[in-house]
Amino acid sequence: MPMVFAWWGVMLRKALLCGSLGIAALHPAWAGDEFVASLRLRGGFDSNPQFSTGNGIGGSAFVGTDASMAAARKDGDTSLGIAAEASQTQYANPQATPGLSGKVIIRGMLGNDDLNISSVTTISDVSTYNLRSSDLVQSVKGEAKVGSFKLFATGEGARSSLNQTNAIFQDFLPEAEQYLRGTLIPGVAYVSGKFEIGTSVNLSVRRYAREFDVFGYRRDNERIQPFVFAKYADKDFSVTGSLSQLRGTWHDPDFSNVKTLLYEGHLHWRRDALTLDLTAWKRANETTFPISPITIDAAYTGKLSWAAMSQLTLSVAAGYATTRYLDSPFNAQTATVAFGGSYDLGNDYALGLDLTYARGILISGDKADALILSSSITKKFSPLVKEVEKEKTQNRKI
């Protein structure tokens with residue numbers, strides 16, 4: 001049961017994207033406005049679009065569309081912003097399931113650096129060959145700065161739907177699992193120049209729509225997760241990291257209580273024509289797997305980019321990901337290596353060529369691999385930036 005590689009076909013539903021672009025287009029260009037967007041058309045061949053064993057559906061040519069946008073406005077102590085992204089992948093092989101995914105994030109903030117309150121609304125949806133999920137998350141955060149200390153508290157509510165393929169049905173569940181989540185996160189941080197260190201605690205509760213899932217398990221649970229975190233950011237170098245311990249209590253006696261160490265870290269470094277990004281994380285994720293309360297997922301990725309010329313950028317990337325199903329001996333792992341190139345055509349157009357090889361061990365213990373070759377053309381849109389630059393040029397002439 002290949003529950004990894006669900007990110008292969010990540011996309012935003014067209015309706016969400018069109019709605020977001022429409023909101024941004026309703027307003028004229030204020031001095032504090034920002035708007036950027038991009039559209040990428042891609043096509044290629046995937047030797048194993050459902051990342052299965054050699055007895056799978058075979059390879060397939062594919063075409064895809066990726067779109068993203070971000071719009072923001074700041075007026076005094078009030079700022080508003082919206083971001084959206086969309087992706088769709090269609091395969092020539094009729095047995096290959098299209099990949100669709102999308103996300104819209106709406107942000108608002110009132111106040112300044114010393115005292116503010118912010119709101120974030122997130123809507124996301126994913127549909128691939130092995131995952132169907134949707135989330136609606138609303139969070140409100142208050143923050144106050146006292147000297148070098150920053151006090152904050154976040155309240156969050158979410159409604160989620162999750163459906164995954166499984167070994168028992170050999171397909172998706174008859175009905176998706178739906179649940180509500182409530183979270184409270186108080187914390188404090190010390191800020192000094194470009195450095196910040198702090199601590200917080202995540203208190204959360206999950207309640208499922210049905211007392212028993214399709215397999216007869218109670219999945220309601222409560223969790224407490226204390227954090228320590230730190231970050232440093234400079235012009236060409238930044239590093240962030242967090243360490244936490246998750247403690248979870250489940251209502252079903254067949255699910256063991258969870259106690260595990262989690263972490264997340266990212267490093268960004270740039271020197272002359274080289275850019276390096278390293279990321280490592282270990283997280284707890286929801287699952288509908290019959291005998292597991294959650295999964296513990298880990299990923300380690302690195303990417304090195306080289307601006308070979310003013311118009312040409314080359315890159316190489318590698319990654320390793322694992323998924324461990326608690327209360328069971330099952331796990332899955334995937335390793336990838338990718339090579340890419342991007343050529344700037346001017347006028348905000350760019351050509352891309354990417355080659356990715358993936359090899360993994362499925363939850364069944366079977367091995368799988370895939371080779372993906374794709375080419376793309378990307379168009380970027382930044383009308384407000386060009387308008388500001390034009391205005392600056394005219395002012396200089398005056």
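Throughout, residue positions are numbered sequentially from 1 according to the sequence presented.
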Kindly write out the residues that satisfy salt bridge (charged side-chain N to carboxylate O under 4.0 Å, His left out) with Arg206, not counting sequence neighbours, or none if the list is empty. Glu286

Between the side chains of Asp369 and Lys367, is the shortest nitrogen-to-carboxylate-oxygen separation below 4.0 Å, so that they form an ion pair? no

For Phe172, does the six-membered ring have the charged nitrogen or CZ of Arg132 within the cation-pi criterion, i.e. under 6.0 angstrom from the centroid and within 45° of the normal? yes

Is it the case that the side chains of Asn285 and Arg283 hold a donor-acceptor pair, with the cut-off being a distance below 3.5 Å and no angle test? no

Checking salt bridge (charged side-chain N to carboxylate O under 4.0 Å, His left out) for the pair Glu34/Lys74: CA distance, chi angles, key distance, verdict? CA-CA 9 Å; Glu34 294 181 6; Lys74 184 173 177 60; over 6 Å; no

Salt bridge (charged side-chain N to carboxylate O under 4.0 Å, His left out) filter on Lys282, not counting sequence neighbours, yields none

Is any side-chain heavy atom of Ile291 less than 4.5 Å from a side-chain heavy atom of Tyr325? no

Taking Leu131's backbone N and O only, do any of them form a donor-acceptor pair with Thr128's side chain (distance below 3.5 Å, no angle check)? yes

In this structure, are over 12 heavy atoms from other groups packed under 6.0 Å from Asp113 atom CG? no

Non-hydrogen side-chain atoms of Asp327 and Pro293 separated by less than 4.5 Å: yes

What pairs with Gln225 under side chain to side chain contact (heavy atoms under 4.5 Å, CB included), at least two apart in sequence or on another chain? Asn202, Phe227, Ser244, Leu246, Leu262

Give the C-alpha distance, both sets of side-chain angles, the deciding distance and a yes or no for side chain to side chain contact (heavy atoms under 4.5 Å, CB included) between Leu371 and Leu355. CA-CA 7 Å; Leu371 184 67; Leu355 176 65; 3.7 Å; yes

Can you list every pair that meets salt bridge (charged side-chain N to carboxylate O under 4.0 Å, His left out) and has a residue in residues 181-205, with sequence neighbours left out? Lys150-Glu196, Glu156-Arg181, Lys194-Asp234, Glu196-Lys231

With sequence neighbours left out, what residues match Arg270 under salt bridge (charged side-chain N to carboxylate O under 4.0 Å, His left out)? none

Nearest 0.5 angstrom please: Glu177 CD to Arg210 CZ, how far? 4.5 Å

Interatomic distance, Lys379 atom NZ to Leu41 atom CG [nearest 0.5 angstrom]: 12.5 Å

Whether the side chain of Ser292 engages the backbone of Phe289 through a donor-acceptor N/O pair (distance < 3.5 Å, no angle test) should be reported. no

Are the side chains of Asp220 and Tyr179 in contact, using a 4.5 Å heavy-atom criterion? no

Regarding Glu222 and Arg207, does a basic nitrogen lie under 4.0 Å from an acidic carboxylate oxygen? yes

Note: Leu162 and Thr288 closest approach over all heavy atoms is O-CG2, 3.7 Å

Hey, could you give me the CZ/CD distance between Arg218 and Glu211, rounded to the nearest 0.5 Å? 5.0 Å

Throw together a table of side-chain donor-acceptor distances under 3.5 angstrom for residues 302-314, partners on residues two or more places apart or in other chains.
unit_1	atom_1	unit_2	atom_2	d
Gln311	OE1	Tyr343	OH	3.1
Gln311	NE2	Asp344	O	3.3

How about His268 and Thr275: do any of their side-chain heavy atoms sit closer than 4.5 Å? yes

